[in-house]
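Some notes on the structure that comes next.
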Amino acid sequence: MASNRVEDISYASTPDGNTEITIKLASPPTAPRAFATESPPRIAVDFEDTQNGLVERRVNIGSGAAASVSAVEAGGRTRVVVELFHPATFESRIDGNNLILAVGKGTTAAGKEIAASSGSGLSQPTVSQVDFRRGPNGEGRVIVSFDKDGAGTDMRKEGNKLIVDLFDVTLSNDLPIRLDVTDFATPVQFIETRERAGGARMEIQTGGAIEHMAYQTGNELVTEIAKVTAKDDERKKLGEPVEYNGTPVTFNIQDIPVRSALQLIADVSELNIVVADSVQGNVTLRLVNVPWDQALDIILQAKGLDKRSQGNVVWIAPTAEIAQREQAIEDARIALEDRAELVTEYIPINYGSAEDIAKLLTETALQSAQQQQGADTQKNIEKGFLSKRGSVTFDKRTNTLLVNDTSDKIKELKSLIALLDRPVDQVLIEARIVVANDTFSRELGARFGVSGAYEDHHGNIITSSGTIQGIDQMINRALANRLSGRPSGLPVATAGPNGSGVFGPALANRLNVNLPAAAGAGSFGWSVLAADYILDLELSALQTEGRGEVVASPRVITANQREAVIRQGDEVGYVTLSAASAGDIPIPMVMFKEVLMELKVTPTITQDDRIFLSMNVKKDEIAGFVSTSIGDVPQINKRELNTAVLVDNGQTVVLGGVYEFKTREDLAKVPFLGDLPALGNLFKKKSRKLQRLSC
């Protein structure tokens, strides 16, 4: 036995902002060893040959630099650890049976050790390995190895997880954080080990009903997890064969009293068997290497008997007699409940609705009463979770249940209400709606023309131009020249005797090929003016690129299984005509159309901490307006997604999308001339358009 014991830990704040922690022991302590660490920040004090007598292992402080204090016993030594918000100075002194630890508010971890302390502290054990093995009966064994003994541990069960806290230890650098052991066919699925303030934590994920056991030997901590096996009574209910594990026996007896056969079973099984006086008759048995418990069941079935066990005493009687006795006990219990005193209890409801819970407590009775026939039968039916004489009502203003029933029933109702009346889990859902488009177009074009006119010595006029209007203009000039007495054999467009200028049609009328790129394109023009003709050439090219992205990010928080809707947008007005009856004039009316970005979602949190989402996402936008005789009508692009998906907590999932791809190539050319190599480019126009749209 240790010579000393830690009995209590208390704390107090001093006016200068420091915190004094008082550790009370059963007797004056010897000078313990103390040390401080910066990562994580904490102060540790080791008491040799001392037990931990604290009821609460952890005391929350939250004052100054001290966050909490905890005590752990291992190997006949108790370590008191003060967890800090940040590194701080400390001093300690012994006052009778108390050790007073003064924690400063500074940010340095330098500390003054207790007087007569001979060392700077003990080094922490290190978790060197986490191993897993499968036992011979399918159980899982998690083996944690330390480089030295002295590690403190604490284990608890939370849902489908076993939480193992390791105090004052560090983790090896090469230690795997997560082990997947599903393939071993044991109740253990995953093992996660992480550092935390004051040591490390190991989470063991399990599946199904389990039972666990842990033991520590030296520098190893072994945790064994096995499946819970069904008991014999449960196997009978499920229709499964009962497993017999008794010692094998061999009987070859003829026509002996049943009581004597049961005595033989009692001698083999070492059970205390009590046989009712009504058990009579003889039995003949020939059994070879049959478990004694199976032999007992065979005898009972053959003679119409049954058994009831209490500890190591078994009572055997005819089945009807046991059933009659149990029925009498149940009738007595019901009669006692009918005579029990009724008490009234006021149960406040915190998170739910008292009206809904009151309806839940009586709903089963109402449904059953409708199915029963006869008023007398309805009087005897239990009122849901209440007894036959119980009643429940509610006060909506204070959200309180008013229950009148027996004390035992009220205790059951309180346990049930405590399970139902708890905060509803909440879910934060964030969606990203992305509409992206990418456009590309390229055009190549040319404008080319030869314009000229010539009148030979015979009076023939030869003209060339881009349009009939240009030819007409030059012919008219030639006729004017002829009337003015200009000699033949000269170009029509040259200057005449009267000194007039060179004549040529307008540019639009001089082009034989007019296939330019779109307006705004870059161009290069070239013209040649000869004695009797004009040569015009213009090359144009256009390339455009466009990229656009629309991102909408609706975010909404809602309770479990409650629909949440968030929407944003505009209402676009347009004019329409009301339906007119015979002889009436249609009346213009202004209507509005919603153009919205909307997220509608209903989450359901599953038992394994995943989220099932039923979602409807919509993103509308105005594409343009259609002109009518009574005004413009909006044209709306609609995008909508309606789906359901199961996701993990914090997971991002892509729900879907539409990808559109449009491409177009156009070619305009002059027949024959546009097909000429190289030179044909002067007689054609090329355009290419590419458009991508994804949402």
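Hydrogens, waters and symmetry mates play no part in the numbers below; they use all other heavy atoms, side chains included.
For R333, the salt bridge (charged side-chain N to carboxylate O under 4.0 Å, His left out) criterion is met by E330, E337, not counting sequence neighbours. The salt bridge (charged side-chain N to carboxylate O under 4.0 Å, His left out) test applied to R562 returns no partner, not counting sequence neighbours. S309 meets the side chain to side chain donor-acceptor pair (under 3.5 Å) test with no other residue; sequence neighbours excluded. Take T206 and apply the side-chain contact (heavy atoms from CB on, under 4.5 Å) test, not counting sequence neighbours, and it matches N160, I204, I210, I225. Residues that satisfy the side chain to side chain donor-acceptor pair (under 3.5 Å) test with E192, not counting sequence neighbours, are R178. Partners of F132 by ring-ring contact (aromatic ring centres under 6.0 Å, His included), not counting sequence neighbours, listed by chain and number: F184. In this structure A320 satisfies the side-chain contact (heavy atoms from CB on, under 4.5 Å) test with no other residue, sequence neighbours excluded. Listed by chain and residue number, E20, T22, R93, D95 satisfy the side-chain contact (heavy atoms from CB on, under 4.5 Å) test with I100 (two or more places apart in sequence, or in another chain). Residues satisfying the salt bridge (charged side-chain N to carboxylate O under 4.0 Å, His left out) test with E345, not counting sequence neighbours, are K414. Every residue two or more places apart in sequence or in another chain that forms a salt bridge (charged side-chain N to carboxylate O under 4.0 Å, His left out) with K161 is listed here: E203.
Between the side chains of N4 and S27, at least one donor N or O sits under 3.5 Å from an acceptor N or O. Under the 3.5 Å distance criterion, with hydrogens and angles disregarded, a donor-acceptor pair is assigned to the side chains of T606 and D608.
Note that the CG atom of N404 and the OG1 atom of T344 stand 4.0 Å from one another [nearest 0.5 Å]. Here the straight-line distance linking atom CD1 of I566 with atom CG of L596 works out to 12.0 Å at 0.5 Å rounding. Atom-to-atom distance recorded for I417:CD1 and L361:CG is 5.5 Å, nearest 0.5 angstrom. Note that the CG atom of L101 and the CD1 atom of I43 stand 5.5 Å from one another [nearest 0.5 Å]. With rounding to the nearest 0.5 Å, the separation of OG in S387 from CG in L342 is 6.5 Å. The structure places CG of N642 at 6.5 Å from OG of S614, a figure rounded to the nearest 0.5 Å.
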Checklist line | Derivation and outcome, side chain to side chain contact (heavy atoms under 4.5 Å, CB included), residues V103 and Y11 | finding: CA-CA 10 Å; V103 181; Y11 69 94; over 6 Å; no
Note to self: With side chain to side chain contact (heavy atoms under 4.5 Å, CB included) as the criterion, how do N649 and D609 come out once you've worked through the C-alpha distance, each side chain's angles and the decisive distance to 0.1 Å?
What the structure shows: CA-CA 7 Å; N649 183 22; D609 292 333; 5.8 Å; no
Next item on the list: Carefully, step by step, assess L271 and W292 under the rule side chain to side chain contact (heavy atoms under 4.5 Å, CB included).
Entry: CA-CA 11 Å; L271 288 177; W292 66 261; 3.5 Å; yes
Note to self: Before you tell me yes or no, could you show the steps for L179 and V142 under side chain to side chain contact (heavy atoms under 4.5 Å, CB included), namely the whole-Å CA-CA distance, both residues' side-chain angles and the distance that decides it to 0.1 Å?
What the structure shows: CA-CA 11 Å; L179 293 178; V142 182; over 6 Å; no
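Summarising the local packing, NZ of K618 is surrounded by more than 12 heavy atoms from other residues, nucleotides or ligands at distances under 6.0 Å. Around atom CG of D183, no more than 12 heavy atoms belonging to other residues, nucleotides or ligands sit under 6.0 Å away.
Closest of all the heavy-atom pairs between V647 and R610 is O-CB, 3.4 Å. For the residue pair A66 and L84, the shortest heavy atom distance occurs at CA-CD2, 4.1 Å. Taking each heavy atom of Q51 and T78 in turn, the nearest pair found is C-OG1, 3.3 Å. Taking every heavy atom of both residues into account, V601 and M615 meet most closely at CG2-CG, 3.7 Å. Residues Q561 and T602 come closest through the heavy atom pair C-CG2, 4.2 Å.
Between the side chain of R141 and the main chain of V222, no donor-acceptor pair closer than 3.5 Å is present. Put simply, the side chain of N399 gets close to the backbone of I349: a donor and an acceptor are under 3.5 Å apart. At least one donor-acceptor pair under 3.5 Å links the side chain of Q280 to the backbone N or O of D277. No donor-acceptor distance shorter than 3.5 angstrom exists from the side chain of R196 to the backbone of D165, with no hydrogens or angles considered. D8 places no side-chain N or O within donor-acceptor distance of the main-chain N or O of S10, the cut-off being under 3.5 Å.
Under the 4.5 Å side-chain criterion, counting only non-hydrogen atoms from C-beta, V72 is not in contact with V81. The side-chain heavy atoms of I357 and I347, taken from C-beta on, include no pair separated by under 4.5 Å. Residues K227 and P187 meet the side-chain proximity criterion, which asks for heavy atoms closer than 4.5 Å.
Among the candidates I298, D293, L300, the single residue satisfying the side-chain contact (heavy atoms from CB on, under 4.5 Å) test with L296 is L300.
Among pairs with a residue in residues 416-433, those fulfilling salt bridge (Lys or Arg N to Asp or Glu O under 4.0 Å) read E430-R432, E430-R555, at least two apart in sequence or across chains. The stretch residues 315-327 participates, sequence neighbours left out, in these salt bridge (Lys or Arg N to Asp or Glu O under 4.0 Å) pairs: R308-E326.
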